[in-house]
Amino acid sequence: MRTTKRETHDELAQRADAVRATLDPTRMPRHVAIIMDGNGRWAEVRGLTRLEGHRQGREAIRRTLEAARECGVEILTLYAFSTENSRRPLEEVEALMELLIDALQVEADGLYRNGVRLRVSGMIDEMPDDVRTALRRVIALTEGNASLTLNLALNYGGRRELTEAARRLAEAVAAGRLSPDEIDEDTLARYLFAPDLPDPDLLIRTGGEQRLSNFLLWQLAYAELYFTDVRWPDFGKLDFFAAIQAYQARDRRFGGVELG
Ligand code: IPE
Ligand code: IPE
Ligand code: MG
């Protein structure tokens with residue numbers, strides 16, 4: 001949704017509002033999940049460090065949260081750090097952790113005032129102490145909020161999530177708390193990181209790649225997938241509303257057939 005001519009901030013905001021006005025409020029996705037990709041390439045083409053791309057990505061998160069609130073999306077799950085991302089150079093991983101801690105400190109009040117509830121999904125126990133402390137603080141602060149749930153996927157991997165679920169199910173069986181024939185899809189889903197959240201209706205991936213990169217392998221079974229070349233630091237309200245517009249034009253059949 002970029003144009004070649006440089007648009008002013010006001011023009012872009014007007015276009016975003018215009019697209020938002022076309023959305024059907026009765027068919028909003030309840031839960032939108034986003035693979036926020038392309039920070040590094042955004043920076044590299046500008047001759048900047050990858051870290052600068054991650055810094056700019058923070059602004060995109062702010063815009064996306066605002067857009068989600070404006071159109072009544074209930075849950076936003078953002079893929080911020082995958083279990084595989086720890087293979088990156090230590091310098092980048094440490095910079096990302098510092099950025100996260102800083103963002104949590106700076107944004108805490110704003111999240112609280114805007115009715116956002118922060119949650120996390122992932123192997124949080126394996127994250128550095130200072131990250132866990134910063135997360136715990138904002139989770140506790142925003143616990144009572146209900147207008148939008150921001151679920152941060154941190155140190156998250158879909159295979160890891162399913163492996164943990166399998167291990168904990170096996171423990172329950174071994175302890176005699178569960179019998180193998182009681183295990184069905186609902187039982188397994190209760191052992192995932194965020195069992196109370198509904199599955200995402202819409203998955204957006206920025207940055208041009210068309211893959212899942214180990215994101216929400218179970219939960220995305222019937223999500224609508226939307227890929228855009230826009231790199232995450234450039235992602236704005238217009239792009240978010242355009243993704244929802246595309247979602248609303250889809251026909252979700254869940255394996256069934258149209259009747260009548
Ligand atoms: C996404 O941007 C942010 C994280 C994975 C933390 P990338 O850092 O993957 O950016 P590209 O894909 O290299 O451009
Ligand atoms: C996926 O992006 C992870 C996040 C956005 C946090 P990656 O950049 O890590 O994915 P690949 O390596 O392109 O598959
Ligand atoms: Mg990437």
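The chain is numbered in sequence order, starting from 1. First listed ligand is number 1; within each ligand, the first listed atom is number 1. Side chains are part of it too, since the values below use all heavy atoms of this structure and drop only hydrogens, waters and symmetry mates.
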Please state which part of [X] comes within less than 4.0 Å of ligand 2, counting heavy atoms only: side chain, backbone, both or neither.
X      : value
Phe215 : neither
Arg88  : side chain
Ala80  : backbone

Considering only non-hydrogen protein atoms, determine which one is nearest to [atom] and report residue, atom name and distance to 0.1 Å.
atom                    : result
atom 10 (O) of ligand 1 : Gly40 N, 2.9 Å
atom 6 (C) of ligand 2  : Tyr79 O, 3.3 Å
atom 2 (O) of ligand 1  : Asn39 N, 3.3 Å
atom 9 (O) of ligand 2  : Asn85 ND2, 2.9 Å
atom 5 (C) of ligand 2  : Met36 O, 3.5 Å
atom 14 (O) of ligand 2 : Ser213 OG, 2.6 Å
atom 13 (O) of ligand 2 : Arg211 NH2, 2.8 Å

Can you tell me if [atom1] on [X] sees more than 12 non-hydrogen neighbours from other groups inside 6.0 Å?
X      : atom1 : value
Tyr112 : OH    : no
Arg252 : CZ    : yes
Glu44  : CD    : yes

Between Arg41 and ligand 1, does any nitrogen or oxygen pair lie at a separation below 3.5 Å? yes
So is there a nitrogen or oxygen of Leu96 less than 3.5 Å from a nitrogen or oxygen in ligand 1? no
Minimum heavy-atom distance between Gly38 and Pro233, given as atom pair plus value: O-CD, 4.1 Å
Answer whether the closest heavy-atom distance between the side chains of [X] and [Y] falls below 4.5 Å.
X      : Y      : result
Tyr247 : Tyr226 : no
Glu161 : Gln219 : yes
Leu100 : Val131 : yes
Phe241 : Glu70  : yes

Any chance you could lay out the side chain to side chain donor-acceptor pair (under 3.5 Å) test for Glu84 and Asn214, step after step, and finish with the verdict? CA-CA 9 Å; Glu84 289 74 26; Asn214 204 11; 3.0 Å; yes
Pair Glu59 + Arg62: basic N to acidic O under 4.0 Å: yes
Would you call Arg30-Asp199 a salt bridge at under 4.0 Å N-O?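 Salt bridge absent between Arg30 and Asp199.
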Going by the order shown, which atoms of ligand 1 are within less than 4.0 Å of some heavy atom of His54?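 Under 4.0 Å from His54, ligand 1 has these atoms: 3 (C), 8 (O).
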Check for me, please, whether Trp232 and Ile35 land in the same ILVMFWY cluster - side-chain distances under 4.5 Å, paths through other members count.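 Different hydrophobic clusters.
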Is the shortest distance from a heavy atom of Arg87 to ligand 2 less than 4.0 Å? no
Asp37: which N/O/S atom is nearest the Mg ion (ligand 3)? OD1
Residue-ligand contact Arg50/ligand 1, heavy atom below 4.0 Å: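 It does, in that a heavy atom of Arg50 comes within the 4.0 Å cut-off of ligand 1.
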At the 4.0 Å heavy-atom cut-off, does Gly207 count as touching ligand 1?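 Contact check Gly207 vs ligand 1: negative.
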Enumerated ligand 2 atoms positioned under 4.0 Å from heavy atoms of Ile35: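 Near Ile35, meaning under 4.0 Å from one of its heavy atoms, ligand 2 has 1 (C), 5 (C).
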Would you mind listing which atoms of ligand 2 come within a distance below 4.0 Å of any non-hydrogen atom of Phe81? 6 (C)
To the nearest 0.5 Å, what is the distance between CZ on Arg160 and CG on Asn155?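 It comes to 7.5 Å.
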Based purely on interatomic distance, does Ser82 place a nitrogen or oxygen under 3.5 Å from a nitrogen or oxygen of ligand 2? no
Quick check: does Glu209 put an N/O/S atom under 2.8 Å from the Mg ion (ligand 3)? no
